[in-house]
Amino acid sequence: MPTTEPIITLTSDFSLTDAYVAQMKAAILRGHPSGRLIDITHQIPRHDILCASIVLERAVAAFGPGTIHLTVVDPGVGSARRILIVQANGRKIVCPDNGLITWVWRRTPNMKAWELTWRPKTSSATFEGRDIMAPAAAKIAAGCPIEAIARPIGDPVLLPITPAKSLSEGGQIIHIDCFGNATTNIAQELLTNSKNRTVIVSRHRLGGIHDTYSDVLPGKPLALVGSNGMLEIAVREGSAQKVLKLRVGDKVVVR
Amino acid sequence: MPTTEPIITLTSDFSLTDAYVAQMKAAILRGHPSGRLIDITHQIPRHDILCASIVLERAVAAFGPGTIHLTVVDPGVGSARRILIVQANGRKIVCPDNGLITWVWRRTPNMKAWELTWRPKTSSATFEGRDIMAPAAAKIAAGCPIEAIARPIGDPVLLPITPAKSLSEGGQIIHIDCFGNATTNIAQELLTNSKNRTVIVSRHRLGGIHDTYSDVLPGKPLALVGSNGMLEIAVREGSAQKVLKLRVGDKVVVR
Amino acid sequence: MPTTEPIITLTSDFSLTDAYVAQMKAAILRGHPSGRLIDITHQIPRHDILCASIVLERAVAAFGPGTIHLTVVDPGVGSARRILIVQANGRKIVCPDNGLITWVWRRTPNMKAWELTWRPKTSSATFEGRDIMAPAAAKIAAGCPIEAIARPIGDPVLLPITPAKSLSEGGQIIHIDCFGNATTNIAQELLTNSKNRTVIVSRHRLGGIHDTYSDVLPGKPLALVGSNGMLEIAVREGSAQKVLKLRVGDKVVVR
C-alpha cells in the first residue's frame, strides 16, 4: 500500500452490536477497495449531535491532511435534510447537515462547504450512511473532485455553541468523556496567569489551573488544560461528572 | 496491497473486553500475513446462535465475492459438533455447524457446504475459533482449495426459522437491533400495496408501511422496510422493543 | 504492503466511547504511515494494571516476532513514572513502568528492558500515550534502534504476582474474563495426573481437571486448562464468577 493512500475514519451512534458499521465499511470498500479504515467511535449517544460534533473535531485535529472523515449521527435520515461535504485544512468531512459540523466549523479557519448532490440509483431511506454517504466518501478517497458530486453552499446548519471569546464572557461545559472528565469551550490560549486562576463550576471553586491529574490527591477535583487544548474539569482517578454533578451546558467561570 | 486481497470478516460473542478477538486475528495473520480484517461485531449475546445467524447474513450481503466470513458463536466448542465451510455467491463462511448458517442458507440460492476435516497438530479444546477455524479461514484466504481441507456435506444444522412465504401465512420477529428496531422474516417483495396495509404485532396495529422514520412524529411507532430489505417495526427516535414490548419470536400479521 | 510490515497492537483502558484510541492511532500513523494496527482491547477496567498485565501477556503470546505492543493503562500520567520499552522473544512492548509488564516479565525468558528517554518537543501532560508512547512505538516500527531512544535498565516495576512454582505451594485467581471464567496462575505443566485432581476454590470442590466445557452439564462448574495454558475455573454456559462468587486474588488449591 502506498503510504499516501488516504485514511477514511468512521464515527457514528450505531454502537458495535449489529452489522451496521460493517455495512458502511463494505460500502466504502466497494467504492475504493484499497481504503484504509479507522474507527473513531461508534458509541456516540444515540442522536447526540453535539457530542458527535466535539468528537469529530478531535478526530479532524488528530489525523493529517488527506484524511476523509465519515460521520453519521442522523436522526433526520430519509428527510429533506442535506448531506454535507466540508473541507478543512486539507481534511474532508462527509456528514448530514444537522449541526454535526459545528465544532470543526467554529475551530477551523478557511472552511469550505458543499451539498452532496450525487445520489446512487437505489438507496434505503433509513440508512443513507451506508447507501449515500459511505459511497460518497469512497469517491473522494478514490480521487473524485468534490465539485463533480456536490455544489458549493455557505450556510451549513450550526448548533448555538461557540468557543469562549474571553474569560470575562465565561464559558460552559461542552463535552463529558467516558472517564467523567468535563471539557469546556475555553481554549488554553485564554488561560494566561493560569496558576493564580480560580475556576467556578456547578458551585464548586477549584484553585489554580494544573498541569496534570497527579498534581492533586486521588479523588480530588482539579481544573487543567486537557489533551485537546481546552480547559477541563477532572477528578484524579475519579469522575468529575459524578463527584461534582456536572452536565453538558453547565456554566464555567474563570477568575 | 493488491486490491484483490480478500477481506476476512470476524463475528463472535467474545465481546471486546479480553484478548480473545485479537488472538483469532493473530491466528489468521500467522496463516495469511497480508489478510485484511474487518470486524462485523463481537457483541452477539453469548451463545445466541439465531442472532449471529441474522447478523452473518447481513454481513454476507454487504461484502463482495471473495470475502471470507469467520463467525464463532460456539457453545459446543470441544464437543463432536462439526465445523462448516459454506460457499454462497462467491463468499465463503467458516463457522461451527450449530445452526449459525441458517439465515444465509435460507436466503441464498445455490449454497454449497463442506465439513472442515483439517486439524492443526495441537489445539485448545476450549478455543477452536482461534486454533482451528481462524487458521482454516487463513488457508482459504491464501488460496487453498476448500476440497483440500474439507469434505462435501448436504445437511448443515439449521434452525427452524424461514423467510415468510406469503402474507397470508404471517411472519415473526427474527431480530431486534441495538436501537430496539425489530426485523421480521417478511421480505419487501411480499409487501405489495404497502401504503394500505395494516401491520399487527404484539396487539398493536400500525397503519401503512412507511418509507422512513421521519414519516411519523418522534416517539411514534411505525412499520417500514428496513435497510436490510425486510419488514421492520420501529419507533421514531425511540425503541420499538421497549415501547411495544417486542421480543424475538413474536408473531407479525400483515393485512 | 510487504507482509513483513510489523503489526502494532493497542491495549488501553480508554474504552471506545471517545476519540482517545483514534488519537493514539493517528499519532502512530503520523510516525509510520504504513503501520498495521490491531486492537487488543480498550476495555481494561480503568487503572486496572493487573488486568492489563494479564491481557498483554496473552497478546504477546499470540502475535509473532516483530510485533510491537503499545499498552497504555496509566494512572500516573504526567508524574515522574518512567516509560518502558521491553523486548521479549523478538516482540517489543511500549508501556508505562507501573507494573504493566509484570505478567510478560514473569512468563518470558531473556527479557530486556529500557527506559524511554526520547521526548517530543511538546506533549500534553495528561495524554502521554498519544504524545510520547505512540510516537515511540511508531519509531520502533519504522526501524529506529531502541538504543537510539532509550537507555537500558534492569529494574522495571513489577506487581507481586508470580506463576505458581508447585502444586503444593498453591495458586490464586489472577484474571476473570468477560464470560466469568477465572484464570489461575497455575500453568498446565504442573497439572500431572489431572483426571484425579481435586481443585478447591472459594470453598467449592471441583473433581478432576477436564478438557472442555461440554464435559459437564450446562450450568455446572468445572476446572480445566484454559486456552491460554493455565488452570481455569469455569461454569458451562454460565459465569463461574457469579455462580462460585470468585474474585481476583482468591486462593486455589489443587490436590
Side-chain angles (χ1 to χ4, degrees), chain A residues 1-3 5 10 12-39 41-49 72-81 96 98 122-132 134-135 138 141-142, chain B residues 1-7 9-11 13 15-16 34 36-45 51-52 54-67 69 175-181 183 188 210-215 218 222 224-229 232 234 236-239:
Chain A
M1 189 188 319
T3 59
E5 180 65 44
L10 297 98
S12 78
D13 61 350
F14 298 164
S15 89
L16 295 169
T17 302
D18 270 277
Y20 298 127
V21 170
Q23 289 174 327
M24 285 209 304
K25 292 181 178 176
I28 294 171
L29 294 173
R30 273 201 306 272
H32 187 56
S34 59
R36 306 176 76 199
L37 307 179
I38 299 272
D39 293 305
T41 180
H42 299 286
Q43 294 176 347
I44 300 292
R46 189 180 184 190
H47 296 168
D48 189 336
I49 293 167
V72 185
V73 175
D74 195 14
V77 62
S79 73
R81 66 95 188 81
N98 57 14
T122 62
S123 72
S124 159
T126 62
F127 198 178
E128 297 185 356
R130 178 191 69 185
D131 295 341
I132 303 177
Chain B
M1 188 188 322
T3 58
T4 52
E5 180 65 46
I7 290 166
T9 83
L10 297 97
T11 306
D13 61 351
S15 89
L16 295 170
S34 59
R36 307 176 75 200
L37 308 179
I38 299 272
D39 294 304
I40 306 300
T41 180
H42 299 286
Q43 294 176 346
I44 300 292
C51 176
I54 304 299
V55 168
L56 173 60
E57 193 273 335
R58 293 176 180 186
V60 169
F63 286 88
T67 305
H69 296 278
H175 184 72
I176 296 179
D177 74 11
C178 51
F179 302 119
N181 300 322
T183 301
Q188 61 185 328
H210 293 270
D211 291 328
T212 190
Y213 307 118
S214 51
D215 287 351
L222 74 159
L224 75 170
V225 175
S227 62
N228 298 294
E232 185 177 300
R236 178 174 173 191
E237 296 175 30
S239 165

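Per chain, numbering begins at 1; letters A, B, ... match sequence-line order.
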Do Thr126(A) and Glu232(B) have side-chain heavy atoms sitting under 4.5 Å apart? no

Could you have a look at Val55(B), Asp177(B), Asp211(B) and say which one has the most heavy-atom pairs with chain A under 4.5 angstrom? Asp177(B)

For Asp74(A), check salt bridge (charged side-chain N to carboxylate O under 4.0 Å, His left out) against everything at least two apart and list the hits. Arg81(A)

Turns out that what part of Leu56(B) lies under 4.5 Å from chain A's heavy atoms comes down to neither

Looking at side-chain heavy atoms only, is the closest gap between Asp39(B) and Lys25(A) below 4.5 Å? no

Aromatic ring pairing Phe179(B)/Tyr20(A), orientation class (parallel under 30°, perpendicular over 60°, tilted between): parallel

What are the two closest heavy atoms between Ser227(B) and Arg130(A), and how far apart are they? O-NH2, 2.8 Å

Between Thr212(B) and Ala125(A), is there a donor-acceptor pair closer than 3.5 Å when you use the side chain of the first and the backbone of the second? yes

Can you find a pair of side-chain heavy atoms, one from Leu29(A) and one from Ile38(B), that are under 4.5 Å apart? yes

OH of Tyr213(B) to OG of Ser79(A): how many Å apart, nearest 0.5 Å? 13.0 Å

Applying side chain to side chain contact (heavy atoms under 4.5 Å, CB included), run through Thr41(B) and Asp18(A) and close with a yes or a no. CA-CA 6 Å; Thr41(B) 180; Asp18(A) 270 277; over 6 Å; no

At their closest point, which heavy atom of Gly35(A) faces which heavy atom of Arg36(B), and how far apart are they? O-NH2, 3.6 Å

Please classify the contact between His175(B) and chain A as side chain, backbone, both or neither, with a heavy-atom cut-off of under 4.5 Å. side chain

Euclidean distance, Ser239(B) OG relative to Arg46(A) CZ, rounded to 0.5 Å: 7.5 Å

Chain B contact via Val77(A) - which portion, at a heavy-atom distance below 4.5 Å: both

Considering only heavy atoms and a distance below 4.5 Å, find which of Ser214(B), Pro45(B), Gly229(B) pairs most often with chain A. Ser214(B)

With a 4.5 angstrom heavy-atom cut-off, which part of Leu16(B) approaches chain A: side chain, backbone, both or neither? side chain

Side chain, backbone, both or neither of Thr17(A) within contact of chain B (heavy atoms, under 4.5 Å): both

